[in-house]
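Okay, so here's the structure we're looking at.
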Amino acid sequence: MNRSLLFDSPFLLGFEHTRALAERAAKAAAESYPPYNVEDRGGGDLRITLAVAGFTPDQLQVTVEDRQLVVAGKRDDAQTKTEDAYLHRGIAARGFVRSFVLADGMEVRGCVLEHGLLHIELFRPEPERLVRRIPIRTAG
């Protein structure tokens, strides 16, 4: 079944946000640079590791907006203009933007740049169980 047909069903009301999340996730999956791993660390904790060799912490930016984790890397123009000095350039020197759609409640604990790998630690705090009683009114 086509994704748009599923979310256009009259039986699924108020799922427009879910449809937008699915479309953002599909777009993010099409990106291929830089390579990354996602590890399940147990207990609801995750670790995303991106290969960002050659980037300094000042050239990297990690943000979260509207449940979307965005990792961006921007290289200095002075570094990229020295291409004629290379006999072979197999290590990518371009900037990038890599996005991940986060589930409700996922939070970023922190980031560490280590040996050319950017580790982003995520966790999901235990949600509070709330029971809310809905009052019943009578008509008339």
Side-chain angles (χ1 to χ4, degrees):
M1 177 179 275
N2 189 338
R3 189 179 312 137
S4 63
L5 292 177
L6 174 67
F7 287 108
D8 290 340
S9 169
F11 301 107
L12 296 173
L13 302 177
F15 284 89
E16 295 81 13
H17 186 70
T18 305
R19 178 184 189 174
L21 283 175
E23 289 172 356
R24 283 196 322 204
K27 181 181 175 189
E31 300 169 358
S32 64
Y33 177 77
Y36 67 94
N37 293 334
V38 179
E39 302 170 57
D40 184 352
R41 311 281 285 189
D45 291 3
L46 299 174
R47 175 190 257 186
I48 300 171
T49 301
L50 290 97
V52 293
F55 285 87
T56 65
D58 294 338
Q59 296 170 327
L60 296 169
Q61 183 177 10
V62 179
T63 58
V64 177
E65 182 178 352
D66 190 27
R67 294 194 304 182
Q68 185 162 345
L69 172 69
V70 178
V71 182
K74 184 172 183 192
R75 301 293 288 246
D76 295 334
D77 287 338
Q79 287 181 337
T80 58
K81 294 202 188 246
T82 60
E83 290 183 38
D84 55 343
Y86 290 94
L87 297 177
H88 171 74
R89 189 165 198 166
I91 299 172
R94 65 184 183 269
F96 67 89
V97 175
R98 166 71 72 179
S99 302
F100 301 89
V101 178
L102 302 178
D104 279 336
M106 290 297 295
E107 296 182 23
V108 177
R109 180 172 285 136
C111 302
V112 176
L113 182 61
E114 174 183 44
H115 306 296
L117 299 174
L118 178 65
H119 303 289
I120 303 169
E121 305 290 338
L122 302 167
F123 72 102
R124 183 189 319 250
E126 191 65 34
E128 256 184 63
R129 299 254 184 227
L130 296 176
V131 177
R132 187 175 68 146
R133 186 177 181 132
I134 309 301
I136 300 172
R137 297 181 300 141
T138 57

Against M106, only a single residue in L69, L46, V64, V101 fulfils side-chain contact (heavy atoms from CB on, under 4.5 Å); can you say which?
L46
Can you tell if the side chain of Q59 reaches within under 4.5 Å of the side chain of K74, non-hydrogen atoms only?
no
Please report the shortest heavy-atom distance between P125 and G105, naming the atom on each side.
CD-O, 3.3 Å
Decide side chain to side chain contact (heavy atoms under 4.5 Å, CB included) for F96 and V71; before the verdict, give the C-alpha distance in whole Å, the side-chain angles of both, and the deciding distance to 0.1 Å.
CA-CA 8 Å; F96 67 89; V71 182; 3.9 Å; yes
Would you mind listing the cluster partners of V97? Hydrophobic ones only (ILVMFWY), side-chain contacts under 4.5 Å, chaining allowed.
V70
Non-hydrogen atoms of R75 and A53 that approach each other most closely:
NH1-O, 3.9 Å
Looking at CD of E107 and CG of D45, how far apart are the two atoms once the value is rounded to the nearest 0.5 Å?
11.5 Å
Is a side-chain donor or acceptor of R98 paired with a backbone partner of P34 at a separation under 3.5 angstrom?
yes
Under 3.5 Å, is there a donor-acceptor pair between the side chain of Q68 and the main chain of E65?
no
L60 versus L50: any side-chain heavy-atom pair under 4.5 Å?
no
Tell me if the CD1 atom of I134 is crowded by more than 12 foreign heavy atoms within 6.0 Å.
yes
Can V112 be reached from V62 by stepping across I, L, V, M, F, W or Y side chains whose heavy atoms are under 4.5 Å apart?
no
For the NE2 atom of H119 and the CG atom of L117, what is their distance to the nearest 0.5 Å?
5.0 Å
With F123 via ring-ring contact (aromatic ring centres under 6.0 Å, His included) - residues at least two apart
none
Report the distance from atom CD1 of I120 to atom CZ of R109, rounding to the nearest 0.5 Å.
13.5 Å
